[in-house]
Amino acid sequence: MASLFRRCREAVKTIANRPSLTKDPRQLQFQADVNRLFLYSSYNQLGKSADESDAEKIIEKASTTSFADQAIQVQENVHSQIKTFCVFMDGILLPNEETMNDPLGLSQQASVLPRRSGLSLAVGRNGSSSDNSAGPQTRSLSQAEVSQKLKDQLGYTLDIKPSQIPHKDAGQGLFLDGAADVGSVVAFYPGVIYSPAYYRYIPGYPKVGAQNPYLITRYDGNVINAQPWGSGGDKRELWNGRNTVEVKPDTKVAEKGSDRVWKVLSKPLEGKGDNSEVIERRNPLALAHFANHPSKGVLPNVMICPYDFPLTENNLRVYIPNILFGNAEVKMRRFGSFWFKSGGSKNSGSNVPTLKSLVLVATRAIRDEELLLNYRLSNTKRRPEWYAPVDEEEDRRRWS
């Protein structure tokens, strides 16, 4: 198995140098990441019966499969795992078969269960809505009880404990309790999703990261703010994603000219963006924002994977711990550091609207250990003392 991971890393380095790939460094890094996710998630799809010869076939397939086809396959592999997770959660929380695959009460027909594919402590209190119309009745289980039952079914769950990273600022860490194979989806990144059109609505704008370490950006520019999620809750509820603690901008820092330009050129749409969705707040895997960056010389054991959840999957929606800020997903175009509205909807070219979320995927077999994620902080800005680059070249390409 160790040789598989070595060959995967070598394959990724090789594919990053292929002349057929884009010369744009940012897109190049995205393609290299998708290639890794293709290798890991495809191997996971084979299940525990996979061997070294299967790994060789996957690596060979990756070298001849287009980037677009790899990206599609990654989405299918990840979605297959998430469907399995949702079935387990239904079995744990829903009291009878009639509602087993219909957590929002949208259908009276029972669905066939999909075949298992094999594939820093948040600030604030857990907010709750005064509207309790949260779908059908669920079992009265605490978050801890749901977590243990999920481990019994899936083979692993997540815990938040003091980090083992030897640094005074490490704080809390995210730990896998159980065992997960390479390519497994081990965590969701929860919270409110802001498309580029709504950047100005992120709490604390334009200094959004000054007092909020729970922001993460996808390659397509969508930002997820996990701070309102905290560590989840103990019920299924109509969740609006509002902050439980106000995040104030750093008023001690004078506004730079570039900040003023950003405000003018990245003006969002008019109107408020409050949305509410029935969300299962007891989701044991909705804790990706607690994963720490590895210390110097230690390799990460998980990586970020963009996951476009199809909103047509109503029976799964309650277990996706995200809501979209704004009433429409507006198409934006990026020029340098700025985003411009280019007209139309992002989903205008597709019949299936999606929620632009993120999950963490295991890059090797993990058992009862802390999850470590390469933060890939920009090397064009001052980075914190604790940050040790895993790969400086990847950091440079990611933020070029």
Side-chain angles (χ1 to χ4, degrees), residues 44 47-48 78-105 110-119 122 126 128 132 134-161 172-181 183-190 229-237 239 277-291 302 307 309 313-322 359-362 365-371:
N44 184 280
K48 297 185 181 300
V78 168
H79 187 61
S80 176
Q81 290 194 55
I82 288 175
K83 286 172 67 177
T84 299
F85 162 78
C86 293
V87 169
F88 289 151
M89 290 293 286
D90 274 352
I92 293 168
L93 290 168
L94 300 186
N96 55 62
E97 283 189 11
E98 284 71 31
T99 57
M100 194 139 181
N101 273 329
D102 192 16
L104 297 182
S111 300
V112 177
L113 302 185
R115 179 176 62 85
R116 186 174 182 183
S117 63
L119 192 168
N126 293 324
S128 61
N132 294 318
Q137 183 76 24
T138 61
R139 293 189 174 103
S140 298
L141 298 173
S142 68
Q143 188 179 36
E145 290 172 323
V146 173
S147 182
Q148 182 57 51
K149 289 180 180 294
L150 179 67
K151 180 185 176 183
D152 295 339
Q153 296 285 323
L154 189 61
Y156 59 87
T157 188
L158 298 176
D159 285 334
I160 301 171
K161 299 186 293 188
Q172 298 290 92
L174 184 62
F175 290 77
L176 187 96
D177 178 10
D181 295 328
S184 296
V185 173
V186 295
F188 295 86
Y189 203 97
W229 183 263
S231 55
D234 271 320
K235 64 180 179 179
R236 180 173 299 188
E237 63 183 351
W239 191 62
E277 294 281 353
V278 176
I279 302 292
E280 181 51 69
R281 297 269 286 151
R282 290 168 290 185
N283 186 337
L285 301 188
L287 298 169
H289 51 306
F290 289 100
V302 295
Y307 170 54
F309 172 73
E313 299 265 13
N314 293 322
N315 58 323
L316 311 181
R317 178 64 182 94
V318 71
Y319 298 119
I320 308 302
N322 302 99
V359 296
L360 300 187
V361 169
I366 306 173
R367 180 183 292 273
D368 298 329
E369 56 187 289
E370 184 169 2
L371 298 184

Next on the checklist: Checking side-chain contact (heavy atoms from CB on, under 4.5 Å) between L285 and each of V359, V186, L150, I82, which is the one that passes?
Outcome noted: L150
Checklist entry - Going by atom types alone, do R282 and Y319 pair a side-chain donor with an acceptor below 3.5 Å? => result no
Next on the checklist: Has D368 got a side-chain atom pairing as donor or acceptor with G178's backbone, closer than 3.5 angstrom?
Outcome noted: yes
Checklist entry - Side chain of R139, backbone of L94: donor and acceptor closer than 3.5 Å? => result yes
Item to check | Partner set under side chain to side chain contact (heavy atoms under 4.5 Å, CB included) for E370, not counting sequence neighbours | outcome: S163, Q164, I165, F175, N292, L372
Next on the checklist: Quick check against the 3.5 Å criterion: does N322 have a side-chain atom that pairs as donor or acceptor with the backbone of Y189?
Outcome noted: yes
Next on the checklist: Using side-chain heavy atoms (C-beta onward) and a distance below 4.5 Å, is V318 in contact with M89?
Outcome noted: no
Next on the checklist: Restricting to side chain to side chain contact (heavy atoms under 4.5 Å, CB included), what partner residues turn up for E313, sequence neighbours left out?
Outcome noted: H79, F309, P310, N315, L316
Next on the checklist: If you count every heavy atom of other residues, nucleotides or ligands that lies below 6.0 Å from R367 atom CZ, does the total exceed 12?
Outcome noted: no
Checklist entry - Between E277 and R317, is there a donor-acceptor pair closer than 3.5 Å when you use the side chain of the first and the backbone of the second? => result no
Next on the checklist: Tell me if a side-chain donor or acceptor on Q81 pairs with a main-chain N or O of G183 at a distance below 3.5 Å.
Outcome noted: yes
Checklist entry - For H289, does its backbone N or O pair with a side-chain atom of W229 as donor and acceptor, under 3.5 Å? => result no
